[in-house]
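Structure record follows, encoded as structure tokens.
All values derive from a computational prediction rather than experimental measurement. Hydrogens, waters and symmetry mates are skipped; everything else that's a heavy atom, side chains included, is used.
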Amino acid sequence: MDSTAITPATYFEPATHRYSVREVPRDETTRAIEPEGFTQDAPWQPRTNAHAGVEELAWFEEHQGELAGFAGRWIAVVGQQVIASADTFSEAYDEACRLNHSDMLILPVPRHPGEDRYFIA
Amino acid sequence: MIQLHFAHQHIYSSADHTVNVPIRIRPSGTPPFAERAILDTGAAISRFDKSILARLGISDMKSGVPKKVYVADNTEYQGYIHEVDIEFLGRPMRIPAVFCDDWDRVNNLLGMEGFFQQMLAAFDHARRRFYFSA
């Protein structure tokens with residue numbers, strides 16, 4: 001290992017700092033996601049799901065202007081569709097379950113969806 | 001030259017410059033669901049909205065470890081830290097997260113202690129890409 005001290009100046013020097021992305025073979029990814037001994041604990045959750053909520057969140061972020069009708073409410077999204085809405089998280093979740101969905105994205109719609117704003121935590 | 005290697009990348013949408021990612025919650029005995037969370041390297045610890053407390057298997061918020069929490073405007077809150085099981089883009093993780101009774105409909109944040117601590121991570125925000133090895 002390089003014992004050279006890493007200072008902030010060298011660490012964040014754009015001219016010398018590069019990164020690379022390693023493509024992981026699918027079977028290796030599967031082993032990482034589904035470690036040996038992972039047990040199936042319910043019919044609807046046999047495995048981890050790396051895609052849960054990904055498409056739904058992208059759709060939500062890009063279609064804020066279409067969500068005015070749900071302002072201030074909780075919604076459940078599957079694919080690119082709102083399948084349930086309610087005043088509380090639990091109600092939205094229960095309704096989505098009643099409709100036999102799983103891995104739905106559940107989140108609150110801002111009171112002014114699409115509003116130009118910044119969030120500072 | 002320093003080179004970092006990452007096993008995974010995630011492309012995110014970010015109209016407002018926050019890095020929004022889905023996290024998957026697997027309640028015991030009921031269907032799993034996804035929630036939105038913000039990757040927040042400025043947060044010392046993760047925090048979750050209290051609405052998902054019960055689904056995370058926490059029946060009593062105050063059974064957690066009490067901790068004073070300060071938010072961006074320096075307001076002090078009494079929080080309670082619980083170890084929670086989440087799934088981050090297919091990787092099961094157990095992370096500490098703080099809950100507070102005064103917070104309602106707050107954004108879920110994935111912070112440094114226990115979350116970023118478990119991975120090597122980098123942002124390429126110009127291209128809306130998050131790279132990580134967990």
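Note: the hydrophobic cluster containing B:I86 also contains B:L53 (ILVMFWY, side chain heavy atoms under 4.5 Å, direct or indirect links). Taken together through direct or relayed side-chain contacts under 4.5 Å among Ile, Leu, Val, Met, Phe, Trp and Tyr, B:M112 and B:M93 form part of one hydrophobic cluster. Hydrophobic clustering of Ile, Leu, Val, Met, Phe, Trp and Tyr side chains at less than 4.5 Å, counting indirect connections, unites A:F70 with A:F60. In this structure, B:F33 is a member of the same hydrophobic cluster as B:L110, with clusters built from ILVMFWY side-chain heavy atoms closer than 4.5 Å. Cluster annotation: B:L56 and B:I23 are assigned to the same hydrophobic cluster (Ile/Leu/Val/Met/Phe/Trp/Tyr, side-chain heavy-atom contacts under 4.5 Å, transitive).
Residue A:L57 comes nearest to B:V21 through the heavy atom pair CD2-C, 3.4 Å, listed as atom of the first residue, atom of the second, then distance. Of all heavy-atom pairs spanning B:E87 and A:A50, the tightest one is OE2-N, 4.4 Å. Residues B:P31 and A:S102 share a closest heavy-atom pair of CB-CB, 3.7 Å.
For B:D73, no part lies near chain A; criterion is any non-hydrogen pair under 4.5 Å. For B:I38, the part sitting under 4.5 Å from any heavy atom of chain A is the side chain, from C-beta outward, and nothing else. Residue contact with chain A, scored on non-hydrogen atoms closer than 4.5 Å, is absent for B:V106. For A:H101, the part lying under 4.5 angstrom from a heavy atom of chain B is the backbone only. Of the two parts of B:N20, the backbone and the side chain both hold a non-hydrogen atom closer than 4.5 Å to a non-hydrogen atom of chain A. For B:E35, the parts lying near chain A are the backbone and the side chain together; criterion is any non-hydrogen pair under 4.5 Å.
For the atom pair A:Y93 OH and B:R55 CZ, the distance stands at 5.5 Å (nearest 0.5 Å). In this structure, NE2 on A:H63 lies 10.0 Å from OG on B:S13, to the nearest 0.5 angstrom.
Of the residues considered (B:D16, B:N107, B:T18, B:V71), B:N107 shows the highest number of contacts with chain A, using heavy-atom pairs under 4.5 Å. Of the listed residues (B:A54, B:P22, B:A43), the greatest number of heavy-atom pairs within a distance under 4.5 Å of chain A belongs to B:P22.
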Go through the steps to decide whether A:D103 and B:R24 satisfy the test side-chain contact (heavy atoms from CB on, under 4.5 Å), and finish with yes or no.
CA-CA 7 Å; A:D103 279 336; B:R24 187 177 186 231; 2.6 Å; yes
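Side-chain contact between B:L89 and A:H51 is absent, with no heavy atoms from C-beta onward closer than 4.5 Å. Side chains of B:P32 and A:N49 form no contact here, defined as non-hydrogen atoms less than 4.5 Å apart. Between B:R105 and A:W74, some side-chain heavy-atom pair lies under the 4.5 Å cut-off.
Crowding of A:D116 atom CG: a count of heavy atoms from other residues, nucleotides or ligands under 6.0 Å not exceeding 12.
Note on residues 61-79 of chain A: pairs passing salt bridge (Lys or Arg N to Asp or Glu O under 4.0 Å), not counting sequence neighbours, are A:E61-B:R36, A:R73-A:D87.
Within residues 104-111 of chain A, the residues having any heavy atom less than 4.5 Å from a heavy atom of chain B are, in residue-number order, A:M104, A:L105, A:I106, A:L107, A:P108, A:V109, A:R111.
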